[in-house]
Amino acid sequence: MAAGAAAAAAAPAVSAAPAVSAAPAASPATAADLVLLHGKIHTEDPGRTVAEALALRGNTIVAVGTDQAVSALIGPKTHSIDLRGRVVLPGIIDAHTHPADGAQGVGKCSLGDKLLTPAQIKAKVAQCLKEPPDPKLWFEVVQVNPSALTLTLQDLDAMLAERPMLLEGSDGHTVWANSAALKAAGISAATPDKTGGRIERDPAGNPTGTLRDDASAAVFNAKPISDIPFAASQLDKAFDEMRAVGITSVQDADADERDMQMYKRLYDTHRLNMRVRAMIHLKNPHEPVDTLIADAIKSRAKWAIDPEFLRADGIKIFADGVIEYPSQTAALLEPYLDASGRPTQNRGPTYFTQEEFNRIVDAADAAGLAVHVHAIGDRAVRSALDAFADARRRNGPQDNRDQIAHLELVEPEDFPRFKELGVIANFQLQWAERDPYIDRATLPYLGAERSRYIYPARSLKDAGALIAGGSDWDVSTFDAFQAMEHAITRSEARGKPPLLPEQSLQLQDMVDAYTINAAYALKQEHTTGSLEPGKRGDFIVLDRDIFAIDPFDLHLTRVLATYLDGREVYAAKSKPR
């Protein structure tokens, strides 16, 4: 049994449920170790069969079917669970998340992604500073909502002047640094912008403290960091919370050497109760392509720890940034509008020439590396598709399961290209709602005509694209049931106006996106993603039948038990009546 799975202590699946007796007992040689009976087991097999019962031997499913058929596998030592009609799904697979990095923000001063004024932010930071932070570390504030937010260097220094401070945007693409942090990072008026990032400046050219995209790398490289054992313990806590909402596999969409060391630490200490597949971030994508791909191949070999529990066999490319004002670093085909609705000269930055993009994707594709592209704007999406098309022409089909993530704005003529090129549409549909990011910081700067295709999930599905689900945690919640609700209702909550309801998906689409489709995206569909004989025992038990409730209540769904590799790795402390 894999080291990660061996760490989980066996325990009853749904503690409140009574054992089930069956006679005659199966022989020890044929008996199952665990049997679940009297349930609604959504198998996610090709026919989307709903079964009554499930049996496992060790970490492997050996039978799925009727109560009568599966009961024949009950032996003297079989642990039997009466599901009492509860719904069982395959374990949730988060196909785009940042566990190692996001976990390090746990316990820091958090603004909760709330829409706040500079004065309100100052007050919140002052409250956090009442508990003196570790003097060896920089003071960090996380989950700062950047929507329409402008902070000056004077604002930042007024919050804290005597030591370095960073405010990290909840979009994952904006960082504010006070004067002490800028000085420690060596950022001054003489510091040039690097490709892939922007230092905001005053009219005299001096940094204002706002750093966009890769411009923030200097401050993160300068700040002291915790050691690997502590960082891994933070990651372990985050995985505890993920298992509590049913997640059994993750795809880290932007991992580096340090992140992989954290995962390896958990694996080596028998605490990695999560399947992890990582995309390695290209440190400097403008280096010679041969060097980039050679490094990625070395990383793949180094981190091929366990084919079922820990590997890093793909690369991450940022094609652009974010679309919201005032960042506007997403690459658009047509210019952003100004606040009065007039076209500007700004189409967003170009992080790669098409030739550069093509060379990287071609070489990665030929090396058998999956390519995972961050693309928010329609120009970035088209550029990524063009690069994949070039790779197909040069290399032929490689079955690398390439993906484009986020897809906030896509031109209709590009919809069918996903199926044609075999590119997976990796959506974060928690964001498909009318919130301040959309209403105040996006729609006014795109205009009504161009805003018809924001998070066009239905259009892409209808065009034949495979939809995979991801959270982008810690940018937003990793609770897949909340994302399912927003994907279906396209609304923030009951009674709130929807965002392009014609782009709504069905619940089955979203269950597919977080199970069998995500397993396919991670190249593990032969072992996970559905509940079929021969596959691993990754499944979850729910407190309600999500297929029979109002979609606006999906966020209320609670996981009663999470199983990984046939062993329980989470059990709810209390059970609903």
Side-chain angles (χ1 to χ4, degrees), residues 35-56 60-70 83-95 245-249 401 418-419 422 424-427 429 457-470 480-481 483-489 503-551 553-554 557 559-563:
V35 165
L36 279 67
L37 299 170
H38 310 311
K40 295 178 181 177
I41 299 171
H42 291 258
T43 65
E44 286 294 299
D45 68 4
R48 301 303 185 262
T49 305
V50 180
E52 294 176 322
L54 176 75
L56 294 96
T60 303
I61 298 169
V62 293
V64 182
T66 64
D67 290 329
Q68 182 178 6
V70 174
L83 291 169
R84 297 178 176 178
R86 292 186 177 115
V87 164
V88 172
L89 297 179
I92 298 295
I93 301 173
D94 192 329
V245 294
I247 298 173
T248 54
S249 294
R401 318 287 171 88
F418 284 80
K419 180 181 179 181
I424 297 164
N426 193 315
F427 270 112
L429 292 172
R458 181 72 191 194
S459 292
L460 279 173
K461 182 182 182 298
D462 288 348
L466 185 79
I467 308 295
F481 298 101
M484 291 180 191
E485 177 175 324
H486 289 186
I488 296 164
T489 67
Q503 293 296 341
S504 172
L505 293 176
Q506 300 298 311
L507 177 58
Q508 186 62 60
D509 299 330
M510 291 307 298
V511 172
D512 291 350
Y514 278 99
T515 57
I516 192 61
N517 290 2
Y520 180 86
L522 271 63
K523 271 196 160 183
Q524 60 184 55
E525 77 278 10
H526 296 301
T527 54
T528 71
S530 64
L531 302 176
E532 301 178 78
K535 289 195 173 186
R536 300 293 178 259
D538 293 9
F539 60 89
I540 59 177
V541 183
L542 304 183
D543 71 339
R544 68 199 66 205
D545 186 347
I546 61 172
F547 293 90
I549 63 174
D550 187 324
D553 291 331
L554 280 166
T557 303
V559 172
L560 299 180
T562 299
Y563 274 72

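Contact detail for D545 and I549: the closest heavy-atom pair is O-CG2, 3.4 Å. Here the closest non-hydrogen pair linking A468 and A518 is CB-CA, 4.4 Å. Minimum heavy-atom separation, A487 to M510: CB-SD, 3.5 Å. Nearest heavy-atom pair across T248 and G91 is OG1-CA, 3.3 Å.
With T562 contributing its side chain and I540 its backbone, the two residues share no donor-acceptor pair below 3.5 Å.
Under the side chain to side chain donor-acceptor pair (under 3.5 Å) criterion, H42 pairs with no residue at all, not counting sequence neighbours. Evaluation of the side chain to side chain donor-acceptor pair (under 3.5 Å) rule for Q508 yields E44, D512 as partners, not counting sequence neighbours.
Within a 6.0 Å radius of NZ in K40, other residues, nucleotides and ligands contribute 12 heavy atoms or fewer.
Within the 4.5 Å cutoff, the side chain of L507 has heavy atoms near those of the L554 side chain.
Inspection of the E532 and T43 side chains reveals no N or O donor paired with an N or O acceptor under 3.5 Å.
For the side-chain contact (heavy atoms from CB on, under 4.5 Å) criterion with L36, the lone passing option out of D67, V64, V88 is V88. A side-chain contact (heavy atoms from CB on, under 4.5 Å) with T557 is found for exactly one of R544, M484, E485, namely R544.
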